[in-house]
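Atoms within a ligand are numbered from 1 in the order they appear, just like the ligands themselves.
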Amino acid sequence: MSLAVTLSRAQEGVAAPQVMVEVHLSGGLPGTHIVGLPEAAVREARDRVRVAIQNSAFEYPNRRVTVNLAPAELPKDGGRFDLAIALGILAAGGQVPRNKLDDCEFLGELALSGALRGVSGVLPALLRARARGRRVVVPRANAAEAALISDVDVRVADTLAEVCGWLRGAQELSSPASSKSLPEAYHGPDLIDVRGQLQARRALEITATGGHHLLLVGPPGTGKTMLAERLPGILPPLTESEALETCAVLSVTGQPVDLQHWRRRPFRAPHHTASAMALVGGGSDPRPGEISLAHNGVLFLDELPEHSRHVLDVLREPLESGRIVISRAARQATFPAQFQLIAAMNPCPCGYAGDPRERCQCTPDQRQRYRSRISGPLLDRIDLSVEVPRVPLSELGAPRSAHDEDSATVRARVIKARQHALMRAGRPNAEISTRELERDCALGPAERHWYDTALERLGLSARAYHRTLRVARTIADLDGGAAILDRTHLAEALQYRRV
Ligand SMILES: Nc1ncnc2c1ncn2[C@@H]1O[C@H](COP(=O)(O)OP(=O)(O)O)[C@@H](O)[C@H]1O
Ligand SMILES: [Mg+2]
């Protein structure tokens with residue numbers, strides 16, 4: 001009787017729980033039994049592993065082979081455990097030594113030839129293995145992701161035979177060259193291209209500093225999309241751990257990680273025809289959606305009222321909590337979704353309400369219905385709304401003024417002002433708790449009375465009360481970080497609640 005144990009990792013949201021593969025060889029009728037995988041997956045894994053072992057010049061045991069994947073309740077889809085199963089079978093039969101197996105984890109699907117195929121979710125698995133101080137063997141197809149993390153011994157292999165050679169001490173497996181690029185200078189769209197729109201530029205700067213959500217309202221062709229696309233360029237660069245979190249989501253979807261730009265803030269702009277599932281994630285084997293791919297970056301919803309009401313409703317919870325829990329009958333997965341929302345919309349269906357040049361064709365009733373497509377609770381969560389009016393053609397062609405700053409100039413101010421929030425609470429203002437808000441947004445008695453009265457008059461909700469105070473905190477941070485907010489900070493914050 002012989003037993004061997006190998007280690008691998010499953011994929012559950014962006015978590016990577018450990019899976020132990022136990023292989024037992026015994027007498028009795030030859031055959032292979034796999035416990036702990038769904039029926040169809042068992043059949044496929046059994047065939048792939050057997051043929052891959054034979055094609056790698058090893059012998060498949062002519063005995064009763066029992067493979068148990070534990071624990072039982074984890075998602076164990078696909079071929080990610082093939083390599084661990086094959087090595088367990090070979091180790092149980094004494095064809096490879098067991099001494100290196102204890103402190104090593106294996107990920108990879110096997111082709112019939114014995115070649116290793118890449119799997120999704122390697123980055124989360126490596127982060128967990130690093131926490132356990134274990135080595136990891138991954139397919140070469142996943143080397144780029146593996147190159148992103150330091151302080152973990154990762155080995156890359158092309159075939160099952162190579163991994164076996166390494167376990168026997170007959171050959172080396174290379175580690176992926178650490179090709180991480182440092183935070184680069186930003187080369188995306190630049191604010192220098194936007195003429196005029198001073199109020200919208202100011203709102204964009206506040207949004208970037210505090211991590212707030214922003215709505216741009218204006219007729220077609222006034223620069224709303226231009227402005228939204230320029231938010232990533234004025235945000236501070238991702239820290240290494242933020243970048244790894246964001247890449248971990250990408251890794252779970254199986255999309256390749258771009259080594260050149262992995263420290264760049266993501267910018268996701270799903271079309272208004274996108275389904276709720278595409279936007280927030282889902283499926284029987286839960287996958288992250290656009291909001292999670294935008295984690296630590298920007299989600300841009302253009303033509304906001306064109307998105308379905310249902311889709312906008314499901315956004316509310318993640319906007320508040322910074323994560324999304326996807327529940328399915330069998331299991332539940334959590335994905336991070338700390339994104340900044342930028343939305344854009346026309347003021348009415350034809351787009352020209354309030355435009356001095358074009359006449360609006362809509363009836364008051366049509367205008368009303370258009371706006372009511374966006375629910376109050378969603379609007380409450382959007383901290384700043386700003387009008388983006390038409391810029392006179394003469395201004396578009398005029399020489400640049402001192403107000404037409406480039407993104408680098410604005411970004412420097414954003415980074416400096418955000419520092420105040422990071423020193424106080426360790427997070428941007430949009431993410432601080434109500435208690436931290438009370439501590440960090442001190443108001444004098446006269447200011448408090450003034451603020452209360454203004455909110456009453458505007459008919460704002462309790463949620464808007466706190467969110468507007470966070471915006472005022474950010475405005476004060478841009479103004480030098482004074483501990484006590486004054487009336488100009490509050491008044492400016494309230495002005496962005498008016499649209
Ligand atoms: N404020 C502006 N400054 C410079 N160019 C502008 C401005 N507004 C609009 N444009 C020009 O008009 C085009 C359309 O702008 P866009 O951002 O798509 O408008 P919107 O999203 O508001 O419909 C831009 O590509 C740009 O050439
Ligand atoms: Mg647009």
Donor-acceptor under 3.5 Å (Ser8 side chain, Phe81 main chain): no
Cationic N near anionic O, under 4.0 Å, Asp302 to Lys224: no
Please give the N or O to N or O pairs under 3.5 Å between ligand 1 and the protein, distances rounded to 0.1 Å.
from, atom 1, to, atom 2, distance (Å)
ligand 1, 1 (N), Arg195, O, 2.9
ligand 1, 3 (N), Arg195, N, 2.8
ligand 1, 8 (N), Thr222, O, 3.2
ligand 1, 8 (N), Gly223, N, 3.3
ligand 1, 17 (O), Thr225, N, 3.3
ligand 1, 17 (O), Met226, N, 3.0
ligand 1, 19 (O), Gly223, N, 3.2
ligand 1, 21 (O), Thr225, N, 2.9
ligand 1, 21 (O), Thr225, OG1, 2.7
ligand 1, 22 (O), Thr222, N, 3.1
ligand 1, 22 (O), Gly223, N, 3.1
ligand 1, 22 (O), Lys224, N, 2.9
ligand 1, 22 (O), Lys224, NZ, 2.7
ligand 1, 23 (O), Gly221, N, 2.7

N/O/S from Met226 sitting under 2.8 Å away from the Mg ion (ligand 2): no
Over 12 foreign heavy atoms within 6.0 Å of NE2, His449: no
Residue pairs fulfilling side chain to side chain donor-acceptor pair (under 3.5 Å) with at least one residue in residues 473-491, sequence neighbours excluded: His212-Thr474, Arg424-Asp477, Asn429-Thr474, Asn429-Asp477, Arg473-Asp477, Asp479-His489, Asp486-Thr488, Asp486-His489
Residue that, paired with Glu242, satisfies salt bridge (Lys or Arg N to Asp or Glu O under 4.0 Å) out of Arg264, Arg265, Arg263: Arg265
Side-chain donor-acceptor contact under 3.5 Å, Asn296 with Glu245: yes
